[in-house]
Amino acid sequence: MQLSDLLNHTSEWLKGTGPNSEIVISSRIRLARNLAGVPFPHWANATQGAELLRLVAEAVSHSDMLKKTTFFKLEQMDSVDKQFLVERHLMSIEHAQKTEEKALLIDNDEMISIMVNEEDHLRIQLMQSGFNLFEAWNIINRIDDQLSSTLHYAYLPDFGYLTACPTNTGTGMRGSVMLHLPALVMSRQIERVLAAIAKLSFTTRGLYGEGTQASGNFFQISNQVSLGHSENEIIENINGLIRQIIEQEAQAREVLLAKSREVLEDRINRSLGTLKSARIITSQETIELLSMVRLGSDLGMIKDIDRRTINELFITTLPAHLQKLENKKLSSQERDLKRAELIRKKLTFL
Amino acid sequence: MLCDICGKNPATVHLTEIIDDQMKELHLCEECAHDKSEAMEQQFGLSDLLAGLSEFGKSSKDEALINLKCPSCQLSYADFKKLGRLGCSECYNTFRKYLTPLLRKIHGSSQHIGKSPLNIKPARSSSPKKRDPLADARLKLVQAIEKEEFEEAAKLRDQIKALEAKANKA
Ligand SMILES: [Zn+2]
Ligand SMILES: [Zn+2]
């Protein structure tokens, strides 16, 4: 597989299907794993880092669940390609920096990705559309078992899986759910909801993970605690919280519809109008407007544009995607023009 | 790496923002990051915990602890405090005493419940590499001070000094 093959392909997590997909974009499980006796990536030298890459590539070749995957070394990759992978949520921003001895493994469906030599030796990630953490866990658990039959994981019976940072020790698991909560934001209830989430020791992040401001009404919620609970318990806990948030967002949407339907219709249709007619548009504005259009589609106010088309636009209008589509470097001003053109094409000629 | 805002303190907090269509990385010291956003409070958990737990003073115990090194990867407790990351899986055995309460603070527990690898090999390497006598002596010193065996501690301290002198010459 070539990176450019991904351009004509919808990532698993963008399909807009799966349980509760009117509110939940995607579910993700990530496992942090390290090998015994090899220094963690930040503390390893180049030889140790290279040897680790070799061991992982070898283990991957023995796993039948990872048959249809491609191994990319990041060192030779140009910055647009790296940002492209970050935009598709296949790797972290941290992984795109200081790329010596770093690699990324992805499968053809973009469901599985493995970052090698990020903060930990392995960061295995599994993405699913909609509210689907248990399904993600079932798949990633089997991949993890297959890898652990050839790799010697760093593990102690009392501390569990050993990670570079003690905040990930134990199960090494982080479950995240990406939610679209425009009604809670518009009705100014979101602060209360986020405060409650923080009290329950869950974290909220924006569209791009770690430390990002939430934009376009997207919120990613994940567990903080990884030790002292089983993987199933951790998922149950996240699921319980997510179910409550889904219910609150659904209620807020009903209240908005009942009390201010015209205002809502106006905002949604103006957003669509701007997207269809703009000649210059930034990605920030695009995200905000697409969020409203997505809400319109979810509420049945916009009938001729499906969720998948909107989801794809969220990603294809990002800077690196535009440059890959055009197959050349574009300045910020050039991108704003190209972005508007792409959106017009997608939304006008359906 | 220094803080992007004040340019004085080391950057320990790394954020991403989308500003004018560009994904931008911000590297901030904790102080400036605190100022930047109250909402980021959660991110500071770990270094606050580390600072709170160690309370480095002038007592000999703290000095011994700060010099304690993992025999396998040479990371010291001081390195861990600075980086917030351990050096290798063996560090968990080396710093076990200090990690156990830290893990309890972070996770509310220090006992793993959950899956285990199919192919378990203990983190302690089965064929120990040539141990580092200096690291071993430092570990023993911490243990001696904890058990309040001060005569033993004094002996070990002399031993460490001698070993350090030898290491410096080499
Ligand atoms: Zn600063
Ligand atoms: Zn170590």
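A note on names: the letters A, B, ... follow the listed sequences, proteins ahead of strands, and every chain is numbered from 1.
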Worksheet entry | Check against side chain to side chain contact (heavy atoms under 4.5 Å, CB included), B/Ile106 and A/Gln224 | CA-CA 9 Å; B/Ile106 298 171; A/Gln224 258 182 325; over 6 Å; no
Item to complete: Evaluate salt bridge (charged side-chain N to carboxylate O under 4.0 Å, His left out) for A/Glu119 paired with B/Arg85, printing each intermediate quantity in order.
Response: CA-CA 9 Å; A/Glu119 181 178 302; B/Arg85 288 178 190 177; 3.0 Å; yes
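At a 4.5 Å heavy-atom cutoff, A/Ile234 makes no contact with chain B through either its backbone or its side chain. Proximity to chain B is absent for every atom of A/Pro41, based on heavy atoms less than 4.5 angstrom apart.
How far CG of B/Leu118 is from OG of A/Ser149: 6.0 Å, rounded to the nearest 0.5 Å. Separating the CG atom in A/Leu156 from the CG atom in B/Asn93 is a distance of 5.0 Å, to the nearest 0.5 Å. The distance from the NE2 atom of B/His112 to the CG atom of A/Asp158 is 10.0 Å, given to the nearest 0.5 Å. Summarising the geometry, atom OG belonging to A/Ser226 is positioned 8.5 Å from atom CG belonging to B/Leu103; distances are rounded to the nearest 0.5 Å. The structure places CZ of A/Phe40 at 5.5 Å from OG of B/Ser89, a figure rounded to the nearest 0.5 Å. Rounding to the nearest 0.5 Å places CG of B/Leu102 at 9.5 Å from OG1 of A/Thr167.
Using a 4.5 Å cut-off on side-chain heavy atoms (C-beta onward), A/Asp145 and B/Lys115 make contact. Using a 4.5 Å heavy-atom cutoff, the side chains of A/His42 and B/Leu83 are in contact. The shortest distance between side-chain heavy atoms of B/Ser116 and A/Tyr153 does not fall below 4.5 Å. For the pair A/His229/B/Ile113, no side-chain contact is recorded, criterion being any heavy-atom separation below 4.5 Å from C-beta on.
Most heavy-atom pairs under 4.5 Å with chain B: of the set A/Gly170, A/Ala164, A/Pro157, this distinction falls to A/Ala164. Residue with the most contacts toward chain B among A/Thr286, A/Leu147, A/Leu35, A/Asn141: A/Asn141 (heavy-atom pairs, distance under 4.5 Å). Heavy-atom pairs under 4.5 Å with chain B peak, among A/Leu227, A/Asn34, A/Val225, at A/Leu227.
Heavy atoms of other residues, nucleotides or ligands lying less than 6.0 angstrom from NZ of B/Lys140 number 12 at most. Shown here is A/Glu191, whose CD atom has no more than 12 heavy atoms of other residues, nucleotides or ligands within 6.0 Å.
Listed for the A/Trp43 side chain is no donor-acceptor partner under 3.5 Å among the backbone atoms of B/Leu86. With B/His107 contributing its side chain and A/Pro166 its backbone, the two residues share a donor-acceptor pair below 3.5 Å. Remark: the backbone N or O of A/Phe159 is not paired with any side-chain donor or acceptor of B/Gln111 at under 3.5 angstrom.
Scanning both residues, B/Tyr92 and A/Thr169, for their nearest heavy atoms gives OH-OG1, 2.7 Å. Here the closest heavy-atom approach between residue B/Cys88 and residue A/Pro39 is recorded as CB-CA, 3.9 Å. When all heavy atoms are compared, the tightest approach of B/Pro117 to A/Tyr161 is N-OH, 3.1 Å.
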